[in-house]
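Residue numbering restarts at 1 for every chain, and letters A, B, ... go by the order of the sequence lines.
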Amino acid sequence: MSIQAQGVSWSTAGRLIVDNVSLAITPGETVGLLGPNGSGKSSLLRLLCGLRRVTEGVITFDDAPLERLNRRDVARRLALVEQNATTDADVTVLDVVRLGRTPWRSMLSGWCEADSAAVEQALAQVGMETRRYQSWHTLSGGERQRVHIARALAQQPRELLLDEPTNHLDIQHQLEILALVRRLSTTCVMALHDLNLAAMFCDQLVLLKEGRVAAAGTPESVLTCERIRDVYGVETVIERSPHHGCLHVHYLPRRETSLPRKETSPPA
Amino acid sequence: MSSRPSHTRHRQGLHLGLIVLALAVLTLAMALAVSIGEIHIPLVTTFKALSNALGVSEYPLDRIHESIIREYRLSRALVAACCGAGLALCGAILQALLRNPLAEPYVLGISAGASTGAVCIMVLGVGGGVVGLSLGAFLGALGAFAVVLALSRGASTSPNRIILAGVAGSQLFNALTAWAISTSASAEQVRGIMFWLLGNLGGARWPDVILALAVVIPGFVICLLFARALDAFTFGQDAAAALGIPVGAVRLILFAVTALMTATMVSMVGAIGFVGLVIPHAARFIVGTAHVRLLPASLLIGAIFMVLADIVSRVILPHQSLPIGVVTALVGAPVFAMILYRARPPL
């Protein structure tokens with residue numbers, strides 16, 4: 001097990017956000033965190049990388065408790081890609097990716113060969129080698145996300161956490177980013193909204209409801225009509241797609257809205 | 001602003017060249033500041049007096065000239081340079097830590113807090129002298145930091161809120177200052193304090209120079225050690241923490257250094273605005289955003305700017321000098337407006 005959480009809870013401002021969550025991440029897998037808005041996906045990711053301190057329970061990396069590790073050691077083995085993180089500073093792609101070397105450099109050490117190699121490799125992995133001198137502010141949303149992933153890869157992590165990496169991207173870029181994440185040999189844990197994309201790109205899914213784990217396992221075991229009705233309150237038909245072989249969730253409209261409307265109500 | 005790795009050596013050479021150039025400009029500006037005044041002293045005399053003072057030479061010089069240079073103008077120019085350097089450095093640090101292009105000691109009310117502290121020391125008459133004043137100012141500056149951070153708490157995502165907190169803090173501390181003056185100061189004290197509050201280098205002597213250097217040089221070294229940590233704040237506090245930066249400790253240390261530098265400057269020359277705002281932006285324009293280059297650039301440009309502003313404040317009106325805070329505000333306020341205009345969200 002690479003990352004393990006045992007009975008983890010977290011509350012802020014008197015509200016319980018993450019409630020007794022236990023999970024174990026197998027090295028090399030891509031794990032999707034699913035759940036409605038406010039179900040604690042982002043909070044759980046922040047707990048897993050030590051940005052927030054658990055109220056109860058324990059998180060371990062290869063059996064070492066997270067609390068005993070210092071920030072730098074955590075940053076050397078685990079990288080986080082935040083949701084829509086941006087900056088006003090006039091930085092280039094290369095500047096951002098080089099930030100990934102921060103945990104590997106001491107206060108006074110210079111830039112070394114290993115740093116350059118890691119940055120080059122990261123740029124190549126996301127296909128941004130030729131765009132390295134481009135300004136951050138001229139990049140599209142998808143390109144920014146790729147640069148963030150490259151920055152995270154330059155940290156040479158064993159685990160990569162991504163918080164809704166496809167948020168605000170068009171479908172082409174969503175597929176591109178997820179395919180990129182899927183190709184990485186790094187263990188990945190990502191919060192996702194789209195059940196179909198999760199089924200296509202993840203080995204394991206964890207479904208959260210109100211801070212608790214509602215289900216965990218393979219997409220086939222997690223994505224069932226009953227569970228989606230229970231967690232999201234949405235009726236679905238789930239079948240295996242004849243086109244790509246993964247599960248596909250068809251969302252059914254609610255009864256009342258699906259009735260043919262005989263008359264349109266006058267504008268209020 | 002980027003440069004290719006194959007040109008790294010070339011780039012380093014360029015930056016070294018820029019530093020040498022800036023130092024030369026600073027020396028020239030300080031020489032001018034020493035020469036220009038009620039009594040004009042030729043530049044050559046200035047350099048000769050300087051080399052005499054350093055014990056390198058023994059040029060025969062006009063006694064009056066030499067003592068004006070030694071006792072008044074050189075110390076004044078040095079304090080001006082330290083002040084500009086320190087305030088610009090504070091601005092660069094605060095802009096990085098708070099991720100706000102408008103952050104600087106004056107806008108955030110840190111200078112106002114330091115003024116309150118210093119004024120309290122003055123009117124109460126406890127532990128006078130430049131160190132006592134600085135200590136009072138330091139406590140005031142820390143208090144202002146606490147107020148601003150408390151008011152903007154939980155608002156790290158909203159950059160405008162900390163500026164509003166700064167406005168509120170400034171108002172509060174200015175009111176406290178006015179209260180202290182009006183209740184406790186004599187008429188003569190009031191005149192002196194009012195002149196000092198607007199920024200005045202007239203009283204700068206050698207003890208001030210020593211204190212200023214003793215604060216700015218170690219302060220600069222500490223900030224430079226954290227240059228890489230400041231870069232990691234590019235995408236915010238959580239991003240910095242995820243890169244392995246001990247965010248809480250870094251913020252605490254750098255806020256304390258900033259408060260100390262601001263307090264020292266304010267206790268010596270009063271609250272001088274906008275230097276911390278304008279200079280880091282100018283420096284970024286020249287050397288880019290990486291703090292390992294931005295901090296030295298801010299330091300040097302700040303020093304040059306302040307020495308020049310001091311010259312302007314002395315020559316712009318015949319037979320009297322303007323408070324230097326007026327000169328910096330005349331330059332800084334339009335720049336502030338410009339940044340505010342550019343920073344507004346797209347419609």
query: Within a reach of under 6.0 Å around CD of Gln83(A), are more than 12 heavy atoms found that belong to other residues, nucleotides or ligands?
result: yes

- line: Note: vs chain B, highest number of non-hydrogen pairs under 4.5 angstrom among Thr86(A), Asp73(A), Val91(A) is Thr86(A)

query: What's the spacing between Arg228(B) CZ and Arg98(A) CZ if we round to 0.5 Å?
result: 9.5 Å

query: Are any non-hydrogen side-chain atoms of Arg151(A) and Leu243(B) less than 4.5 angstrom apart?
result: yes

- prompt: So with a 6.0 Å cut-off around CD of Glu56(A), is the heavy-atom count from everything else above 12?
  reply: no

message: Check this for me, if you would: do Asp238(B) and Arg52(A) make a salt bridge, where the nitrogen-to-carboxylate-oxygen distance has to be below 4.0 angstrom?
response: yes

- line: Closest heavy-atom pair, Ala232(B) versus Thr102(A), reported as atoms and distance to 0.1 Å, is CB-CG2, 4.3 Å

task: Sort out for me which of Leu51(A), Leu80(A), Val96(A), Leu78(A) touches chain B most, counting heavy-atom pairs under 4.5 Å.
output: Leu51(A)

statement: Closest non-hydrogen contact found for Ala75(A) with Ala242(B) is CB-O, 3.3 Å

query: Quick one: OG1 on Thr234(B) to CG on Asp88(A), what's the gap to the nearest 0.5 Å?
result: 11.0 Å

query: More than 12 non-hydrogen atoms from neighbouring residues, nucleotides or ligands closer than 6.0 Å to CZ on Arg53(A), yes or no?
result: no

task: First locate atom CZ of Phe235(B), then atom CG of Asn84(A), and finally report the distance between them rounded to the nearest 0.5 Å.
output: 12.0 Å

message: How about CD on Glu29(A), more than 12 heavy atoms from neighbouring residues, nucleotides or ligands closer than 6.0 Å, or not?
response: yes

message: Are Arg99(B) and Thr87(A) packed together at the side-chain level, in the sense that at least one heavy-atom pair is separated by less than 4.5 angstrom?
response: yes

task: Identify which part of Leu99(A) has an atom lying under 4.5 Å from any heavy atom of chain B, answering side chain, backbone, both or neither.
output: both

message: At a 4.5 Å cut-off on heavy atoms, which part of Ile245(B) comes close to chain A: side chain, backbone, both, or neither?
response: both

